[in-house]
2 protein chains.
Amino acid sequence: MSQNKEFKRGSGTKSKILNVARNLFSLYGYKGASVRKIAAEVGIRESAIYNHYKNKEEIFLEVAREIFSSPFSLSSDEIKELALRGKPFLHKFTMQYKMLTFDKKNENMFRLLMIELMQNKELREQFMSEFHDKNIKTLSEGFFTMMQSNLIRSSDPMMVAYEFISTLFYIRLQITILKFDSNSTNHLATQFEKHVDFFWESIKL
Amino acid sequence: MSQNKEFKRGSGTKSKILNVARNLFSLYGYKGASVRKIAAEVGIRESAIYNHYKNKEEIFLEVAREIFSSPFSLSSDEIKELALRGKPFLHKFTMQYKMLTFDKKNENMFRLLMIELMQNKELREQFMSEFHDKNIKTLSEGFFTMMQSNLIRSSDPMMVAYEFISTLFYIRLQITILKFDSNSTNHLATQFEKHVDFFWESIKL
DNA sequence: GTCTATATTTGGATAGAC
DNA sequence: GTCTATCCAAATATAGAC
């Protein structure tokens, strides 16, 4: 097929715009990243941008969609199997969370999320459903299984999940802030693992 | 009772500017709150603003200073006394945190903090020292005392403090988001108390 | 201290030539 | 598809009259 389609990460101008925009939005937010700066960094004139996107908003929306496209989710079967072994479930979940925290692209997207969270209602709603509810659901399924198997003390699985995820989020936020200013995250590097240890000691029977 | 102009410290136009600016900054962030809008809401022309403040930045800095002026801090004696009783220490600390979460002015300042956190290096540093370190210090003092008194299981007090504060922060963030969109916070209203209960069960001996 | 008027810059967006 | 040229709006800020 000689018709050359655009590759996802291809070298077409459009995807170049997207890459630059993603970077600038995650650094300066929606208002701070001007179409001018984007065009300049892409290496074209502002007007040329509008051959690829209707307007600035459209570029942002395409970038924003990636924020919640995080790859990780465990199948219901995986959850059950791991949960039956107790702590390994928490460990696996946490290590996936840690990976996202240190992954360059996800790091940028997380920063963008934090920047725009209080400015964009849709992002707030997605934060609640995609970031929070989804994780609570996965975790509480695991905790429920553990309670049934008498691996952990009995209580409300959702509540336990809430307690668990909140600390992961806080660690991620701190690491993101420190890395943004190129500060050392050494003292937080093992915080995820420590959290799993502490938490498991807190709930195990 | 005829003088009804001034509610708080200082008065006249300057403090009115500050009040309006605080409100607009906390709604729209630094970039989103224009001098124009501030002047309009105050009821004067833009140019008149500059008789009171050198520039926009100066207004923002005065507002931003309030973010970390949260009233609550326990004296070292209070901490020790409360910590010797165990759970009441956690309860008191948490209730103060909850009060700040639902206090209108602190709610606005917290939103502003979240908006500007990723855009302002100084705010990030203050967040780390004032929001995080200060709380960790207070809490770990309490946990240390509890460990010495064999009220709770022995481990790193700073680590325990980290686990405790992270959930408080997450609850606060969620409530702030929900309230911003005028959504119900009913299901989170007692989350603070539940956290204390859960956590105490996790560490008590 | 506030106003009007204005300077200056920045940013989003379009028209039309190539 | 990209460029030049241009428009328009909004924003920060200053000068000088009252």
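Distance B:Y30 OH to D:dA11 P: 13 Å, rounded to the nearest Å. Between the CD atom of B:E58 and the P atom of D:dT14 there is a distance of 12 Å, given to the nearest Å. Rounded to a whole Å, the NZ atom of B:K14 is 9 Å from the P atom of C:dG1. Atom P of nucleotide D:dA13 and atom CD of B:E46 are separated by 11 Å, given to the nearest angstrom. Rounded to a whole Å, the OH atom of B:Y50 is 12 Å from the C1' atom of C:dT8. The NZ-P distance, from A:K37 to C:dT9, rounds to 16 Å in whole Å. With rounding to whole Å, B:K56 atom NZ is found 18 Å from C:dT9 atom P. Atom CZ of A:F25 is separated from atom P of C:dG12 by 9 Å (rounded to the nearest Å).
The pair B:D197-B:K87 counts as a salt bridge, with a side-chain nitrogen and a carboxylate oxygen less than 4.0 angstrom apart. We find that A:K80 and A:E141 are not joined by a salt bridge, their nearest charged nitrogen and carboxylate oxygen being 4.0 Å or further apart.
Of all nucleotides listed (C:dA13, D:dT12, D:dA13), D:dT12 comes nearest to the side chain of B:R36.
Aromatic ring orientation, B:F89 versus B:F143: perpendicular (interplanar angle above 60°, classes split at 30° and 60°). Ring-plane geometry between B:F127 and B:F131 is classed as parallel, the angle between the planes falling under 30 degrees on a 0 to 90 degree scale with a further cut at 60.
Counting atom types as modelled, B:S47 pairs a side-chain N or O with a base atom of C:dT4 as donor and acceptor under 3.5 Å.
For the OP1/OP2 pair of C:dT4 and a distance below 4.0 Å, the side-chain nitrogens and oxygens of B:R45 include at least one atom meeting the criterion.
Place B:A33 and A:I49 on DNA chain D by their nearest nucleotides, and A:I49 ends up nearer the 5' end.
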